[in-house]
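Right, one structure below, let's go through it.
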Amino acid sequence: MKPFDRMFYGTGAAEGIPDPFCRCPVCENARKKGGKEIRHRTMFRVNEELCIDLGADAASQATVLGDFTGLHHVLYTHTHEDHFCIMMLQMRDMATHRDREPLHVYLTDRAYDVLDKLHGDPTIIKGRTRELEEKGVFCFHQLHFGEETEIAGYRVLPLKGDHTGSMGENSANYLLTGPDGKTLYYGLDTGWYLPETLQALAGRHIDVLITECTFGLTPGMDAHPRGHLHAFALRELLDVLREQGTLDETSRVYATHINHWTSNHEQLAAYFAGQDLFCPFTVAWDGMQIPQDGPDR
């Protein structure tokens with residue numbers, strides 16, 4: 001594996017952990033212990049060329065985990081600012097030595113409508129979006145739910161999450177099939193899976209499931225929440241995916257996009273360790289790399 005492959009650049013929700021304005025036990029614990037308790041805003045690097053989301057902490061994480069000089073494709077889940085940070089695109093124009101190929105930016109269905117806002121608002125990157133497109137700094141592409149597309153050597157299938165972005169769009173969850181036929185499903189900002197998404201996944205085997213667990217061990221929430229999952233809903237969802245043939249004992253599951261409401265890393269990992277799950281389950285941390293085989297690093 002290369003240093004960039006299958007790496008979590010950020011595993012936190014919109015506020016990160018610690019939230020810089022917060023004195024809750026989870027945030028104070030993160031300040032004290034550091035390490036896996038620190039969570040930057042979410043981003044996942046599939047490989048050197050391809051990532052999912054380029055969000056609010058991407059620049060600082062690139063300094064620690066690996067730069068973006070070879071990054072050419074960004075799949076966005078939705079247009080909320082912690083996932084879609086337009087400043088990251090402007091920073092590519094500020095590079096004096098960059099690859100000539102544009103940064104290809106992919107938005108799904110109605111999320112693509114954000115481009116009209118970017119073109120028409122002079123307060124967003126100084127009104128230069130169209131100019132930077134014409135210069136070849138970046139270019140936008142529209143994907144459609146349920147339609148598979150070849151991107152950077154992967155077959156990419158966007159499916160709907162039950163989460164609404166800034167343009168009123170459904171979030172995009174991505175099923176990636178690599179050249180070796182192995183599959184990775186990136187299911188963030190989704191809540192309980194929509195019936196059409198469960199149906200689309202039925203009978204498809206997922207080798208690696210990256211799932212949100214935003215609200216952790218927060219009690220008293222809806223059993224099948226919209227918008228974001230908690231640990232108890234996720235535990236049930238894994239069984240649903242197993243029953244329909246999507247997951248089995250050979251699958252590996254990684255939880256990410258975790259907020260500070262109730263549970264720190266150690267507590268969340270302990271909960272899932274006690275659940276007698278049918279497949280390996282890891283609460284991901286910033287900088288963790290998913291191996292092709294063998295233990296997580």
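- The cluster map of Ile, Leu, Val, Met, Phe, Trp and Tyr, joined by side-chain heavy atoms under 4.5 Å apart, puts Met88 and Leu103 in the same cluster.
- For Arg235, the salt bridge (Lys or Arg N to Asp or Glu O under 4.0 Å) partners are Asp239, not counting sequence neighbours.
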**OP:** Could you walk me through whether Asp53 and Thr77 pass side chain to side chain donor-acceptor pair (under 3.5 Å), step by step?
**Re:** CA-CA 6 Å; Asp53 289 336; Thr77 56; 2.9 Å; yes
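- The aromatic rings of His228 and His257 lie parallel to each other, with less than 30° between the two planes, well short of the 60° mark.
- Not one N or O on the side chain of Arg45 forms a donor-acceptor pair closer than 3.5 Å with the backbone of Tyr9.
- What you find for Asn173 and Leu188 is that their closest heavy atoms are ND2-O, 3.0 Å.
- Counted by atom type alone, Thr79 and Glu169 present one or more donor-acceptor pairs between their side chains at under 3.5 Å.
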**OP:** Kindly indicate, with the supporting measurements, whether the criterion side chain to side chain donor-acceptor pair (under 3.5 Å) is fulfilled by Thr218 and Thr262.
**Re:** CA-CA 6 Å; Thr218 303; Thr262 50; 2.9 Å; yes
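- Remark: side-chain polar atoms of Asp57 are paired, donor with acceptor, to backbone N or O of Arg41 under 3.5 angstrom.
- The two residues Cys85 and Ala56 have their closest heavy-atom pair at CB-N, 4.0 Å.
- Between Val253 and Thr211, the closest side-chain pair of non-hydrogen atoms falls below 4.5 Å.
- Here the closest non-hydrogen pair linking Thr108 and Ala172 is OG1-CB, 3.6 Å.
- Met1 and Val46 are not part of a single hydrophobic cluster, where members link through side-chain heavy atoms under 4.5 Å apart.
- The aromatic rings of His163 and His80 lie perpendicular to each other, with more than 60° between the two planes, well past the 30° mark.
- Looking at heavy atoms from C-beta onward, Tyr154 lies out of side-chain contact with Glu49 at the 4.5 angstrom threshold.
- Look at Asp109 and Lys160 and you find no salt bridge, because none of the NZ, NE, NH1 or NH2 atoms lies under 4.0 Å from a carboxylate O.
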Original post:
Should Asp162 and Arg226 be marked as a salt bridge (Lys or Arg N to Asp or Glu O under 4.0 Å) after you check the CA-CA gap, both sets of side-chain angles, and the distance that decides it?
Top reply: CA-CA 6 Å; Asp162 192 7; Arg226 302 191 68 181; 2.9 Å; yes
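- His141 and His104 share a side-chain donor-acceptor pair at under 3.5 Å.
- Inter-residue side-chain proximity for Ile206 and Leu184 is flagged as unmet; no heavy-atom pair is nearer than 4.5 Å.
- Residues Leu118 and Ile86 are in side-chain contact: their nearest non-hydrogen atoms beyond the backbone lie under 4.5 Å apart.
- With hydrophobic clusters built from ILVMFWY side chains whose heavy atoms lie under 4.5 angstrom apart, Tyr193 shares a cluster with Leu234.
- Side-chain contact between Asp5 and Gln289 is present, with at least one heavy-atom pair separated by less than 4.5 Å.
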**OP:** Could you walk me through whether Arg6 and Gln292 pass the side-chain contact (heavy atoms from CB on, under 4.5 Å) test, one step at a time?
**Re:** CA-CA 9 Å; Arg6 294 156 47 121; Gln292 297 292 344; 3.8 Å; yes
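- Within a 6.0 Å radius of NZ in Lys117, no more than 12 heavy atoms belonging to other residues, nucleotides or ligands are found.
- Distance check: Leu157 CG to Phe145 CZ gives 10.5 Å after rounding to the nearest 0.5 Å.
- Heavy-atom minimum distance, Tyr106 versus Tyr174: O-OH, 4.2 Å.
- Between the side chain of Thr183 and the backbone N or O of Leu176 there is no donor-acceptor pair closer than 3.5 Å.
- Under the 4.5 Å side-chain contact rule for hydrophobic residues, Ile17 and Met288 do not share a cluster.
- Taking the side chain as every heavy atom from C-beta outward, Val105 and Leu75 never approach each other to under 4.5 Å.
- Thr11 and Asp286 share a donor-acceptor pair across their side chains, judged by distance under 3.5 Å alone.
- Rounding to the nearest 0.5 Å gives a distance of 13.0 Å between CZ of Arg128 and NE2 of His119.
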Subject >> side-chain contact (heavy atoms from CB on, under 4.5 Å) assessment of Leu54 paired with Phe68 >> reply: CA-CA 10 Å; Leu54 201 57; Phe68 300 146; 3.8 Å; yes
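- The aromatic rings of Phe272 and Phe281 sit parallel, their planes meeting at an angle under 30°, below the 60° perpendicular limit.
- Under the 3.5 Å distance criterion, with hydrogens and angles disregarded, no donor-acceptor pair is assigned to the side chains of His260 and Arg39.
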Original post:
Which is it for His224 and Glu236 under the side chain to side chain donor-acceptor pair (under 3.5 Å) test, yes or no, and what are the steps along the way?
Top reply: CA-CA 9 Å; His224 295 168; Glu236 182 183 352; 3.0 Å; yes
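- A distance-only check finds no donor-acceptor pair linking the side chain of Gln244 to the backbone of Leu241 [under 3.5 Å].
- Counting only distance, with no hydrogens or angles, the side chain of Ser263 and the backbone of Gly216 share no donor-acceptor pair below 3.5 Å.
- Leu89 has its side chain out of reach of Leu132: every pair of non-hydrogen atoms, C-beta onward, lies at least 4.5 Å apart.
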**OP:** Please lay out, stage by stage, how Ile290 and Arg252 fare under the test side-chain contact (heavy atoms from CB on, under 4.5 Å).
**Re:** CA-CA 10 Å; Ile290 299 175; Arg252 286 179 285 167; 4.2 Å; yes
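- We find the CE-CE distance between Met91 and Met94 to be 7.5 Å, quoted to the nearest 0.5 Å.
- Just one residue in the list Phe44, Tyr186, Trp285 forms a ring-ring contact (aromatic ring centres under 6.0 Å, His included) with Phe8, and that residue is Phe44.
- Cluster membership check: Met167 does not share its hydrophobic cluster with Leu143, using side-chain heavy-atom separations under 4.5 Å among Ile, Leu, Val, Met, Phe, Trp and Tyr.
- Atom CD of Glu28 sits in a crowded spot, with more than 12 heavy atoms from other residues, nucleotides or ligands closer than 6.0 Å.
- Counting only distance, with no hydrogens or angles, the side chain of Ser251 and the backbone of Asp207 share no donor-acceptor pair below 3.5 Å.
- Between Leu268 and Ala231, the shortest heavy-atom contact is CD1-CB, 4.1 Å.
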Subject >> Candidate pair Leu209 and Tyr254, rule side-chain contact (heavy atoms from CB on, under 4.5 Å), full reasoning >> reply: CA-CA 6 Å; Leu209 170 63; Tyr254 297 85; over 6 Å; no
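- The two residues Gly10 and Thr256 make their nearest non-hydrogen contact at O-OG1, 3.9 Å.
- Using modelled atom types, no side-chain atom of Glu48 and backbone atom of Phe4 make a donor-acceptor pair closer than 3.5 Å.
- The main-chain N or O of Trp261 is found under 3.5 Å from a side-chain atom of Asn259 such that the two form a donor-acceptor pair.
- Within the 4.5 Å cutoff, side-chain heavy atoms of Phe140 are placed close to those of Leu107.
- For the pair Arg92 (side chain) and Val137 (backbone), a donor-acceptor distance under 3.5 Å is present.
- The CZ atom of Phe21 sits 12.0 Å away from the SG atom of Cys27 when rounded to the nearest 0.5 Å.
- Using the six-membered ring where Trp is involved, Phe84 and Tyr76 have ring planes that are perpendicular, over 60° apart on the 30 and 60° scheme.
- Residue Glu266 places its CD atom among 12 or fewer non-hydrogen atoms of other residues, nucleotides or ligands, all under 6.0 Å distant.
- Atom CZ of Arg31 has more than 12 neighbouring heavy atoms from other residues, nucleotides or ligands inside a 6.0 Å radius.
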